[in-house]
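Written out below as structure tokens is the structure these notes cover.
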Number of protein chains: 2
Amino acid sequence: MQRDVCTQVEEFLRERHYKLTVPRREVIRILHESHTPLSVQEVYQQLQDIKADIASVYRTINLLCELGVLTRLDFQEKLYRYELSDPFTPHHHHLICKKCGNIENVFEQCLPAGFEEKIRQRSGFAIESHILEFYGVCETCSEQATSDP
Amino acid sequence: MQRDVCTQVEEFLRERHYKLTVPRREVIRILHESHTPLSVQEVYQQLQDIKADIASVYRTINLLCELGVLTRLDFQEKLYRYELSDPFTPHHHHLICKKCGNIENVFEQCLPAGFEEKIRQRSGFAIESHILEFYGVCETCSEQATSDP
DNA sequence: GTGGCTGCAAAAAATTTGCATCTCC
DNA sequence: GGAGATGCAAATTTTTTGCAGCCAC
């Protein structure tokens with residue numbers, strides 16, 4: 001059975017001699033428990049009882065991004081969203097509905113084998129990661145569009 | 001021979017009864033002439049002699065994004081970048097070098113045929129567009145890394 | 001001629017920073 | 001005990017907005 005992801009992240013930080021403070025643990029927990037990527041404001045709002053400052057949320061999220069623990073995503077809203085990165089969550093992509101804004105994950109489908117290697121051969125560019133997001137209309141919204149003229 | 005892209009965008013706006021003012025034309029021209037996506041600040045700085053306000057640059061860029069003329073991109077910097085979208089520029093993706101920040105275009109390589117259709121079948125999600133960006137180290141930077149220990 | 005833009009200035013929103021205090025190791 | 005984090009408040013940066021005057025159509 002897989003070890004708890006929060007513990008993994010905490011060990012990752014401990015190994016690098018970062019202190020495991022309450023605000024940091026909470027930010028990690030909130031991001032881990034969320035099924036969709038969260039904005040800074042959303043993380044801050046979910047802190048509730050733990051009275052951490054928004055400056056600490058920013059500092060924690062920036063730190064985790066620099067360390068590669070978090071990936072920052074842009075879904076064409078007026079904010080950034082964050083989620084745990086590849087080592088701490090299964091590799092996946094997103095479907096973003098242009099109508100309702102809902103975000104779904106796609107785990108099954110990724111770039112075909114050799115795709116990045118072909119690019120390296122042509123450009124000499126050594127690819128380490130990619131971001132792939134799909135925009136469209138989700139099933140629910142397209143059904144509504146058909147019934148509501 | 002293909003008609004000038006700036007003219008195409010201008011006609012697109014005219015058809016929708018938007019006025020073709022000097023600031024709008026300039027923003028379109030600057031974005032069209034750039035080989036890489038630009039930030040709002042960069043567009044503003046390139047205006048130089050034409051003394052347009054940065055508020056107008058924001059308004060123009062926001063308008064063009066809403067109309068789908070521009071695509072907003074996030075390369076994990078602390079700003080957004082913009083470039084002309086699909087109908088006004090050939091479909092392509094980007095290689096972003098993590099070391100020097102350089103951005104290259106990839107025109108040749110895109111998602112294989114049927115990729116988006118497979119996702120639709122599994123999720124019911126009707127995909128209209130996608131964003132795909134690659135992060136890694138460009139040829140120049142990886143050569144430097146080998147020689148400089 | 002006039003409605004939609006622009007420039008300007010001011011406001012709002014988002015993010016960062018300085019510093020005294022606190023707390024994790 | 002001490003380095004490093006936090007909270008708070010202030011500063012900075014980014015983006016939006018109100019409004020009078022201007023200009024593309």
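Only heavy atoms go into these numbers, but all of them, side chains included; no hydrogens, no water, no symmetry mates. Chain naming here is simple, since letters A, B, ... match the order of the sequence lines and numbering starts at 1 in each.
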| query | Reading nucleotides 6-14 of chain C from the 5' end, what letters show protein touch, with B for base, S for backbone sugar-phosphate only, - for no heavy atom under 4.0 Å? | reply | BBB-----S
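Distance, B:Arg14 CZ to C:dG4 P: 18 Å, rounded to whole Å. For A:Glu26 and D:dA5, the CD to P distance is 18 Å, given to the nearest whole Å. The nearest whole Å value for the distance from the CZ atom in B:Arg72 to the P atom in D:dT14 is 15 Å. Atom C1' of nucleotide D:dA24 and atom NZ of B:Lys19 are separated by 5 Å, given to the nearest angstrom. Rounded to a whole Å, the CD1 atom of A:Ile61 is 12 Å from the C1' atom of C:dT15. Rounded to an integer number of Å, the gap from NE2 of B:His17 to C1' of C:dG4 is 13 Å. Here D:dA3 presents its C1' atom at 13 Å from OH of A:Tyr18, a figure rounded to the nearest Å. A:Arg16 has its CZ atom 16 Å from the P atom of D:dG4, to the nearest Å.
Between B:Phe75 and B:Pro37, the shortest heavy-atom distance links the atoms CE1-CG, 4.0 Å.
Between B:His92 and B:Phe107, the ring planes are tilted. Angles from 30° to 60° get that label.
Between B:Glu139 and B:Glu104, every side-chain heavy-atom pair lies at or beyond the 4.5 Å cut-off.
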| task | Let me see the working for A:Thr89 and A:Val5 under side chain to side chain contact (heavy atoms under 4.5 Å, CB included), right down to the final yes or no. | result | CA-CA 8 Å; A:Thr89 211; A:Val5 172; over 6 Å; no
| task | Output, in order, the C-alpha distance, side-chain angles, deciding distance and verdict of side chain to side chain donor-acceptor pair (under 3.5 Å) for A:Gln121 and A:Glu117. | result | CA-CA 6 Å; A:Gln121 285 171 7; A:Glu117 174 57 17; 3.2 Å; yes
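Under a cut-off of 6.0 angstrom, the local environment of OH in A:Tyr18 is sparse, with at most 12 non-hydrogen atoms contributed by other residues, nucleotides or ligands.
When the side-chain nitrogen and oxygen atoms of A:Asn62 are compared with OP1 and OP2 of C:dT15, none of them lie within a distance under 4.0 Å.
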